[in-house]
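Below is one structure, written out as structure tokens; the observations come after it.
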Amino acid sequence: MAITLSEGASSSSGFDRGWTYDVFLSFRGEDTRRSFTGFLYHGLCQRGINVFIDDDKLRKGEDLSPTLLGAIQESRIAIIVFSQNYAFSTWCLDELAKIIDCYKTRGQLVWPVFFHVDPSVVRHQRGTFQTAMAQHEVRFKGNVEKLQKWKKALFEASNFSGWNLENGYEFQIIQDIVEEASRKLSHTILHIAEYPVGIEIRISEVMPLLQIEPGEDIRVIGIYGLGGIGKTTIARALYNMIADQFEATSFLSDIRESSNQRQGLVQLQESLLFDTVGDKNIKLGSIYKGIPIIKKRLCCKKVLLIIDDVDRLEQLQALAGGRDWFGFGSVIIITTRDKHLLSAHQVDKTYEVKKLNYGEAFELFTWSAFKRKAPDAGYLEVSNRVVLYAEGLPLALKIMGSNLFGKTVEEWKSALGKYEKIPNKEVQNVLRVTYDNLEENEKEIFLDVACFFKGETVEYVENTLQGCGFYPTIGISVLIDRSLVSIDEYNRLRMHDLIQDMGREIVREVSPLEPGKRSRLWYHEDVFEVLTENKGTYRIQGMMVDLPDDYMVHLKDDSFKKMKNLKILIVRNGNFFGSPQHLPNSLRLLDWMKYPSSLPSSFQPKKLVVLNLSGSRFTMQEPFKYLDSLTSMDLSSCELLTKLPEIAGVPNLTQLTLDYCTNLEEVHESVGFLEKLVEFRAYGCTKLKVFPNAIRLTSLRSLILNWCSSLQNFPAILGKMDNLISISIEGTGIKELPPSIGNLVSLQELSMTSCLNLKELPHNFDMLQSLTNLDMEGCPHLRNFLTKLANMGESTHTFGNILSLNVENCGLIDEDLPIIFNNFPNLASVVLSGNHFKALPSCIQQCPCLELLHLDNCKNIQEISAFPPNMQYINAQNCISLSEESSNLLFNKETFEGWELQAMVPGTMVPEWFDHITKGEYMTFWVRERFPAIIICFVLEVESEMKKIFNCEIRFYINGEEVYELQIPRGFSDMVTDHVWLYDLRTHSSINWRSLDLYLMDGWNQVEISCEKISGASNLTVSWCGVHVVKQEANMKDILLTDPDPDLDSVIASGSNTLVSDHPVKAQPQSQVTSFTLQTPQNNNSSTIVLPTTVQTSLTVNDADMEAFYAVLDDEISVVSLNNDSTMVSKLTNQRPSEETKKALKTLQAHVTKEFSALLGPNEYSTVNDTLEYLTNLPAEDEISVEIRSLIIQVSRQFTRWSRDYTSENKKIESTTAKLLKADELEKCLEANKTNFKQVMCMENELCNDLAHLEQRKRELEEQINAVKANISASEAAKNMASEIKRELFGKAKILKAERDELREQVPHLRDEQELAKKIQSNIRDEWSKLGEKFNYGLRHGKID
């Protein structure tokens, strides 16, 4: 199933208002006009169906008339009656081909009727169809394309489902066709839009997505985009275009709003069933009852279902939950703001609706604001402002246009000023729906992007927002899915201006009158108020300072003190007096270019993620502290920075930038061991001498030390560094690379330009197997390395991985080149510029990959005998010693057409094989049908040696309008002689020839190509240019190198398609110069004038000679015509012009008397141009005098030239007007500057008073300081005494320690003795106790032993 739409629908096209005709009948009149087709026409008309049937009056000539073509294109249904003699009519076949085209491009219904003809006969062109096509092949033998188109149309048409009269009665088939047509034409047409501007191209982009591919039963597509971008409009247009191709259709609109109502989804299911099966009484009760019923009732139907404005997956699950719900060939179209919703539902294809381009937006706005296509006089400028503000959003254009309708210009300007500060509510309400449906994480991220980060890189934003506690990776992905942000080709976040305004308005609405109470500040007046009046609060989370130049902010000690929750501080521009004494420790991002001083000592931002202080008066002597979370630090252009201190306290740092710190002398060793560092830059640090001796940076990807001219040592590589891919040490004083460079196993790019002290490369250099780009320009000792390679003989290591090699200005001689080409066999680009060799070796032919060869400034080279097989570009600029044979090889036609080359070679002439050569910087030729493949050539003439760079661009003009600019990225410099620049445009990938075809009109088109200098040396000019058409890729019948409608004074020799104008003899040694002499007729009865003849000449003709020649020739026209044949003159005098010629002469006379500028409008210009074209092409026998012919030719020539010149001068007037306006603006700026100066003077006086007060305060403080100093002296004395006591105590401590150490060795023994003594004492006490008891016992009993 294939459904597509026309290329050029408009507001009156079929998808908008229906079709002009319901049915178009294609038939062979002599077969069926008075029988079947006549009865069918009558039956259709009786049912009120609007039918187009042609008559014989429309068929004149061989081509279809515009009336017939328009009727086919504007018919909803095409009925083709195939009869026996149908194919004998070329008209019928052309109609059929057009019908098939409309089926594919406009969704036209095609119904074949086989009138006593079998479908296979039509399909395979058998029988009478074969006979007819055989006749056409003889008649149109040279037009294979037309024949193939007819055959293909017959084949495709016979495959459509239709009616075969062999299978029924004529009256029954006619009745069936009428009934089917009536049913198909009965569906309701939806209203698209009041002004559907730009919809046609979007429909044509969507239609191919509806094609059901092999293996699919149905097609599900999603249309997504910003609110108000036109999704629903496109869906309605699609419905109108294809609805009648389905058994059942349903357009369910406003799903988001409808489903939020009570039983909303159930009602939507009921609506779907009513639309598709016609059941009015069905009541479902719940969505779970509805799902099986929908599936059962629709599974065998071919359904078109459009589900508009979906915002939740459950809505899709309830209405189109599975592919088995619908029959074969069904199409489901979903519109939503959420791209992820489409992915979750697994749609087949998605289409993002883009904003209107400027032309479309301007047209839509003018229709809305003025109810016509063009704005009123005086409204153009302000209309442009509104269109630019709306930035292509249809909703905004329509609403603002309607609101401004009938208002004055001043009211427009006032309204626009209001919109720019407070966006239109109606627009905002539509856009805000998407924001309101976001989760909290995504809402905060969206507001930060809207207020601060539009245009910033994704990496920068993600790092910052991660530090703020959000989840930016998933958050930004959600915002992209909802079409709130996008990412451009430079990985930067983009956001529609109105979406940005919506986000900022959400922030502003929180506190419209007190900016200090908002969460984010960006508007310069609000920021200025908060900073100068100390109105900051804890509610402020982010601030961007971007003040006009005339604003002066007097920073106070507490300017930021109250902003305790400030996380984002960005300072882009601002004039500050003083520096902040306090910065919030809550900051995650501090991006303050030209920060006025060092950071406050109290600033300890432990959660800071990004620190950018480029261009600041920043110094750092102490190690970095309190920066555990910091990932990016930019201290570039900090001229006071002399040393980068220890940085181990920043373990998470990934990016460190020190560019142009011109006084930086030392980078601490700790930098070499930051495990997470990805990029290190120190460009232009000319005093840097101390760099880490060794590095182990396992995450590093890029190391840049360019022009650190004092740096002499490259650090050793400790272990493998798998991630480092690029090293650049250009202009450093490094003497050698360490052998450990072999650890850089992933290194791809190594640039060592101008490393004058680098002696040679390490012996293991070939271990860098990933290296592809090697730049050693200006390394004078490179030959040492090449010599070593040569001496290694057969054991030489090849560098097959290197694709690009630059050895410019390395002192290379002839014997070095074979070493290079043999050891670097896979080079795609090599720069050998500025070396001393005399010939390119023949081995260069063995470099199959080599495409770009730079030999510029090789002033000794004499011989170029061969090219690599795939060469595309060769620069031999200033190769002044090239032999004639080598130059001829470079200029050879076969060389250029075979290789598709670009070349810059010393020379003074365009090669003689060029088809068209002209003097000056531009050339002109004529083309039709297609833009040809061409080679162009420019001769660059140098008056004296050129020292400046010459930059230029090639501009293409078609019919006077610039259509393309080809900017040349490489400038040409230091030319010492004239050069020839040849450029095969086939080699330039950015030129799309088909895109140039779009600018071609019917007939001949004038093409002008110029080489215009845009900057550079004044002593260089483009003296000659030429164009050569590549015959193998062009039809030469569609190319003319001379004017197809020439004046009498510009006719060239018959049969020649080459024009050479005043080209030097050295360029064309035997050039043919056309002689424009008029031959007097020999026969008085003949009216033939013999015009030019071609003669051989070696004379050089200059511009003055040619102008004089043509002046004489103009006089000769009347003399020859009027005097040489009196009979002819008399005859012409008595003749009268035809009525058509009289009318043309009167038209010309009326326009000649008008103001010239009035003739340049599109209609007037076309009228004059057509009239002149008619009059200048009158045959000689036409009844008009020679004098009038001469005047007509003069008017035609002058009008053509002057219209171009007038337009050019008009552009100059516009340019000068703009500059004058700018001068007035600058005058106003100067006045404003004067006012500002006076204000600053007043401020200065105030500051002087403040200074006097501060001086007084200073004296008071000095007295206090003196008292403090006395206290300090007393304290120092006390401190000295304390130090003395401290030393005494220290001495005693040492003695005590010695005694302690001596006793410490005896401790075990002493402890043993102590225990033994204790035991002895215990024993004595026991024995003593026993003795006492015994003594007492004896005393009591009188027994004493």
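Sequence positions, counted from 1, serve as the residue numbers for this chain.
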Query raised in the report: Ion pair present between R482 and D311, side-chain N to carboxylate O less than 4.0 angstrom?
Result: no
Query raised in the report: Do T408 and E411 have side-chain atoms, one donor and one acceptor, less than 3.5 Å apart?
Result: yes
Requested in this report: Check whether any side-chain heavy atom of I334 sits under 4.5 Å from a side-chain heavy atom of I223, and report yes or no.
Outcome: no
Query raised in the report: Could R539 and E514 be called an ion pair, given the rule that one side-chain N must be under 4.0 Å from one carboxylate O?
Result: no
Requested in this report: Would you please test L210 and I333 for side chain to side chain contact (heavy atoms under 4.5 Å, CB included) and show each step?
Outcome: CA-CA 9 Å; L210 301 178; I333 300 174; 4.2 Å; yes
Query raised in the report: If we ignore angles and hydrogens, is there a donor and acceptor under 3.5 Å between the side chains of Q541 and S519?
Result: no
Query - Parallel, tilted or perpendicular, as decided by the 30° and 60° cut-offs, for the rings of W367 and Y195 - result: parallel
Report task. Considering only NZ, NE, NH1 and NH2 on the basic side and carboxylate oxygens on the acidic side, decide whether R572 and E456 come within less than 4.0 Å. Result -> yes
Report task. Determine whether V458 and Y490 make a side-chain contact, defined as any pair of heavy atoms from C-beta on separated by less than 4.5 Å. Result -> no
Query raised in the report: Can you find a pair of side-chain heavy atoms, one from I255 and one from L319, that are under 4.5 Å apart?
Result: yes
Report task. Identify whether the distance between the nearest side-chain nitrogen and carboxylate oxygen of K398 and E194 falls below 4.0 Å. Result -> no
Requested in this report: Return the minimal non-hydrogen interatomic distance between T249 and A243, and the atom names on each side.
Outcome: CG2-O, 3.4 Å
Query raised in the report: Under the side chain to side chain contact (heavy atoms under 4.5 Å, CB included) criterion, do E444 and E442 qualify, and how do the steps go?
Result: CA-CA 5 Å; E444 293 297 321; E442 283 71 40; over 6 Å; no
Requested in this report: For the residue pair D309 and T336, establish whether any side-chain heavy-atom pair is separated by less than 4.5 Å.
Outcome: no
Report task. Give a yes or no on whether the ring-centroid distance for W412 and F365 is below 6.0 angstrom. Result -> yes
Report task. Output, in order, the C-alpha distance, side-chain angles, deciding distance and verdict of side chain to side chain contact (heavy atoms under 4.5 Å, CB included) for M502 and I506. Result -> CA-CA 6 Å; M502 181 262 289; I506 290 171; 3.5 Å; yes
**Report entry** Side-chain donor-acceptor contact under 3.5 Å, R312 with N260
**Finding:** yes
Query - Y224 and T335: side chain donor to acceptor below 3.5 Å - result: no
**Report entry** Lys/Arg-Asp/Glu bridge criterion (N-O < 4.0 Å) met for R337, D481
**Finding:** no
**Report entry** CA sep, side-chain torsions, deciding dist, call: T464, F470, side chain to side chain contact (heavy atoms under 4.5 Å, CB included)
**Finding:** CA-CA 9 Å; T464 302; F470 302 128; over 6 Å; no
Report task. Indicate the ring-plane relationship of F446 and Y435, choosing parallel, tilted or perpendicular according to the 30° and 60° boundaries. Result -> tilted
Query raised in the report: Do L498 and H496 come within less than 4.5 Å of each other through their side chains, counting heavy atoms only?
Result: yes
Query raised in the report: With a 4.5 Å limit on heavy-atom distance, are the side chains of I218 and V220 in contact?
Result: yes
Requested in this report: Would you check if there is a donor-acceptor pair between the side chains of Y523 and D546 at a distance under 3.5 Å?
Outcome: no
Requested in this report: Could you please spell out the steps behind the side-chain hydrogen bond (donor to acceptor under 3.5 Å, both in side chains) verdict for D591 and Y460?
Outcome: CA-CA 11 Å; D591 188 348; Y460 174 82; 2.8 Å; yes
Query raised in the report: Can you check whether T233 reaches R202 side chain to side chain, under 4.5 Å on heavy atoms?
Result: no
**Report entry** Contact check, side chains of I568 and R588, non-hydrogen atoms, under 4.5 Å
**Finding:** no
Query raised in the report: If you measure from the Lys or Arg side-chain nitrogens to the Asp or Glu carboxylate oxygens, is any gap between D448 and R520 under 4.0 Å?
Result: yes
Query raised in the report: Side chains of D308 and T232: is there a donor and an acceptor less than 3.5 Å apart?
Result: yes
Query raised in the report: Can D488 and R492 be counted as an ion pair, charged N to O under 4.0 angstrom?
Result: no
